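Below: one structure, written as structure tokens.
Predicted model, so just to flag it, every value in this text is computed and none were measured.
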2 protein chains.
Amino acid sequence: MNSTEIEEIIKSRFPVLNKDSVIAFAKFSSFLNFKKGKKLIYEGKKHHSFYLILKGSAKAYYTKETKEVCSWFAFENEVIATIKTFNGLVSNETIMLLEDSKLIQFNTKSIKELATTNLDVSHFLNDTLTEHAVFLEEKLYQLQFMSSEERYKGLVNDVPGILQKVSLTDLASFLGVSRETLSRIRGKR
Amino acid sequence: MNSTEIEEIIKSRFPVLNKDSVIAFAKFSSFLNFKKGKKLIYEGKKHHSFYLILKGSAKAYYTKETKEVCSWFAFENEVIATIKTFNGLVSNETIMLLEDSKLIQFNTKSIKELATTNLDVSHFLNDTLTEHAVFLEEKLYQLQFMSSEERYKGLVNDVPGILQKVSLTDLASFLGVSRETLSRIRGKR
DNA sequence: AAAATCATTTGACAATTGTCACAAAATCAC
DNA sequence: GTGATTTTGTGACAATTGTCAAATGATTTT
């Protein structure tokens with residue numbers, strides 16, 4: 001994939017960026033092809049990249065002792081990043097590909113530097129952060145007000161195909177219930 | 001309070017803003033004094049302001065049927081806003097003052113317009129959004145990994161004085177447990 | 001294809017928490 | 001201060017969910 005193609009993708013996915021910003025953005029980007037199971041970000045480490053999924057999917061999870069809890073999933077056309085690593089801090093989650101995937105990798109530091117002088121890029125960060133905050137608020141709302149059964153049904157409805165890509169174990173932890181409880185929710189119909 | 005004083009407060013609270021931005025910012029700001037119980041933002045309505053608390057405190061809550069769940073509390077020197085109203089949408093939470101408070105009110109639309117041309121202001125929004133996202137992620141993490149007792153103790157430790165300002169009913173819903181369960185957690189010592 | 005590994009389901013039981021009803025304590029209004 | 005209202009605490013019980021163990025089903029490896 002050459003840099004013109006990357007520019008095209010950036011342009012269509014991030015319409016807030018104007019022509020010059022797209023070109024600047026693309027300078028710090030590269031195309032990557034990874035196998036299922038590849039970890040893009042490790043809990044406990046600092047990282048200098050974020051990603052856009054062109055094809056494939058990923059999960060983010062926290063661990064505590066032996067317990068593993070998924071915090072989100074990402075699919076085609078979605079941005080993969082963590083707030084912590086984006087701000088130069090140690091990540092508290094791991095990000096792993098759920099299948100062989102094609103990605104565009106961006107250099108965090110360079111894009112952030114770009115944002116200090118480039119309004120478009122700063123607006124891009126704003127939009128992305130807003131999206132993320134809305135996602136988190138919605139998730140909290142659902143945890144407070146919806147039963148685990150409603151959350152399950154809502155998710156399957158909102159993200160068609162999720163059952164094909166994500167294991168029920170991961171799905172259960174994402175929904176905030178044990179594997180067994182999810183199994184029982186699915187059982188009654 | 002005159003506009004120079006407001007400028008001083010904005011300058012010290014939002015160091016990311018340079019001198020000119022502070023002055024521009026202050027143009028869309030005003031000082032307010034409200035009584036306890038005043039609602040700054042109503043669930044189901046659009047609003048055109050966000051606030052900085054100079055003195056006092058506030059809570060944000062969702063309602064569903066008769067159930068009321070606090071999503072956050074804000075104290076001195078903190079910003080009060082909701083993502084939804086900030087983006088011109090109907091709010092899904094209500095914000096109410098917990099005591100007589102002194103606030104600075106900002107006009108959302110004007111500040112957003114300022115951000116389209118002013119890099120500093122755009123960075124200010126970035127910082128504020130990042131802070132908010134970190135807060136939400138931390139809250140989700142605690143809900144997944146910590147017992148309600150640990151969450152209670154952690155909160156009391158992190159926010160000294162919260163027990164004096166917030167009712168136990170609100171605190172319980174914020175922690176994600178029933179009033180009675182919180183009462184029992186507090187009981188055992 | 002058999003063996004091995006991994007994911008999911010199911011059962012039995014325990015632990016946690018919610019709900020309802022009411023009592024006690026604190027706060028507010030007059 | 002007194003009564004009324006609101007907030008908090010407690011008990012009894014039910015409902016939900018987690019945990020552990022084992023069985024079944026699916027997938028991968030050899």
Side-chain angles (χ1 to χ4, degrees), chain A residues 35-39 57 59 61-70 73 96-100 140-156 161-189, chain B residues 35-39 56-57 59 61-70 73 94 96-100 140-156 161-189:
Chain A
K35 290 263 172 225
K36 172 178 177 173
K38 164 81 180 175
K39 291 182 180 174
S57 52
K59 68 172 177 180
Y61 60 94
Y62 298 94
T63 52
K64 190 179 179 184
E65 284 120 53
T66 67
K67 206 172 154 191
E68 196 177 299
V69 172
C70 277
F73 305 105
M96 180 193 270
L97 295 180
L98 291 171
E99 55 193 323
D100 295 357
L140 275 165
Y141 182 88
Q142 291 186 4
L143 279 174
Q144 304 260 35
F145 280 125
M146 288 165 61
S147 69
S148 37
E149 184 166 356
E150 288 173 316
R151 293 203 298 279
Y152 169 71
K153 287 182 175 164
L155 185 63
V156 170
I162 194 168
L163 291 175
Q164 281 68 54
K165 302 209 169 191
V166 171
S167 77
L168 292 174
T169 303
D170 287 342
L171 200 60
S173 75
F174 176 81
L175 290 169
V177 295
S178 71
R179 200 160 40 91
E180 293 90 339
T181 298
L182 177 59
S183 186
R184 281 170 192 126
I185 287 170
R186 285 161 47 80
K188 57 169 158 177
R189 70 170 48 94
Chain B
K35 291 264 174 226
K36 171 177 178 173
K38 164 82 181 175
K39 290 181 179 173
S57 52
K59 68 172 177 181
Y61 61 94
Y62 298 94
T63 53
K64 191 178 178 185
E65 284 120 51
T66 66
K67 204 172 155 193
E68 195 177 300
V69 172
C70 277
F73 305 104
T94 300
M96 181 193 270
L97 295 180
L98 291 171
E99 55 193 321
D100 296 356
L140 275 166
Y141 183 86
Q142 291 186 7
L143 278 175
Q144 304 259 37
F145 280 126
M146 288 163 63
S147 69
S148 38
E149 183 166 356
E150 286 173 315
R151 293 203 298 279
Y152 169 72
K153 287 181 177 166
L155 185 63
V156 171
I162 195 169
L163 290 174
Q164 281 67 53
K165 302 209 169 190
V166 172
S167 78
L168 292 173
T169 304
D170 287 342
L171 201 59
S173 73
F174 176 80
L175 290 169
V177 295
S178 71
R179 198 164 46 85
E180 293 91 339
T181 299
L182 177 59
S183 185
R184 281 170 192 125
I185 287 170
R186 286 161 48 77
K188 56 171 159 174
R189 67 170 51 91

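Between the side chain of B:R184 and the base of D:dG11, a donor-acceptor pair under 3.5 Å is found.
In this structure, B:S183 reaches the bases: a heavy-atom distance under 4.0 Å links it to at least one base atom across the strands shown.
Residue B:S167 places none of its side-chain N or O atoms closer than 4.0 Å to OP1 or OP2 of D:dT6. A close approach under 4.0 Å does occur between a side-chain nitrogen or oxygen of B:S148 and OP1 or OP2 of C:dT17. An OP1 or OP2 oxygen of C:dT17 is reached within less than 4.0 angstrom by no side-chain nitrogen or oxygen of B:S178.
As a whole-Å value, the separation of B:I185 CD1 from C:dA15 P is 18 Å. Counting to the nearest Å, the P atom of D:dG9 and the CZ atom of B:R179 are 9 Å from each other. As rounded to whole Å, 17 Å separates atom P of D:dT16 from atom CE of A:M146. Between A:L171 atom CG and C:dT9 atom C1' there is a gap of 15 Å when expressed in whole angstrom units. Spacing between atom CZ of B:R186 and atom P of D:dG9 amounts to 5 Å, rounded to whole angstrom units. The CD atom of B:E180 sits 10 Å away from the C1' atom of D:dT8 (whole-angstrom rounding).
Ring geometry, B:F145 versus A:Y62: the interplanar angle exceeds 60°, so the pair is classed perpendicular (tilted spans 30 to 60°).
Within the 4.5 Å cutoff, no side-chain heavy atoms of B:Y61 are placed close to those of B:D170. Counting heavy atoms from C-beta on, the side chains of B:I185 and B:K153 never come closer than 4.5 Å.
Within the shown strands, C:dA1 is the pairing partner of D:dT30 under the Watson-Crick or G-U definition, both distances less than 3.5 Å.
The shortest heavy-atom contact between A:S57 and A:K165 is OG-CD, 4.0 Å.
Between B:K36 and B:K67, the residue whose closest nucleotide on DNA chain C is further toward the 5' end is B:K67.
With D:dC20, C:dG18, D:dG18 as the candidates, the nucleotide lying closest to the side chain of A:T181 is D:dG18.
Remark: B:K36 NZ is loosely packed, at most 12 non-hydrogen atoms of other residues, nucleotides or ligands lying under 6.0 Å away.
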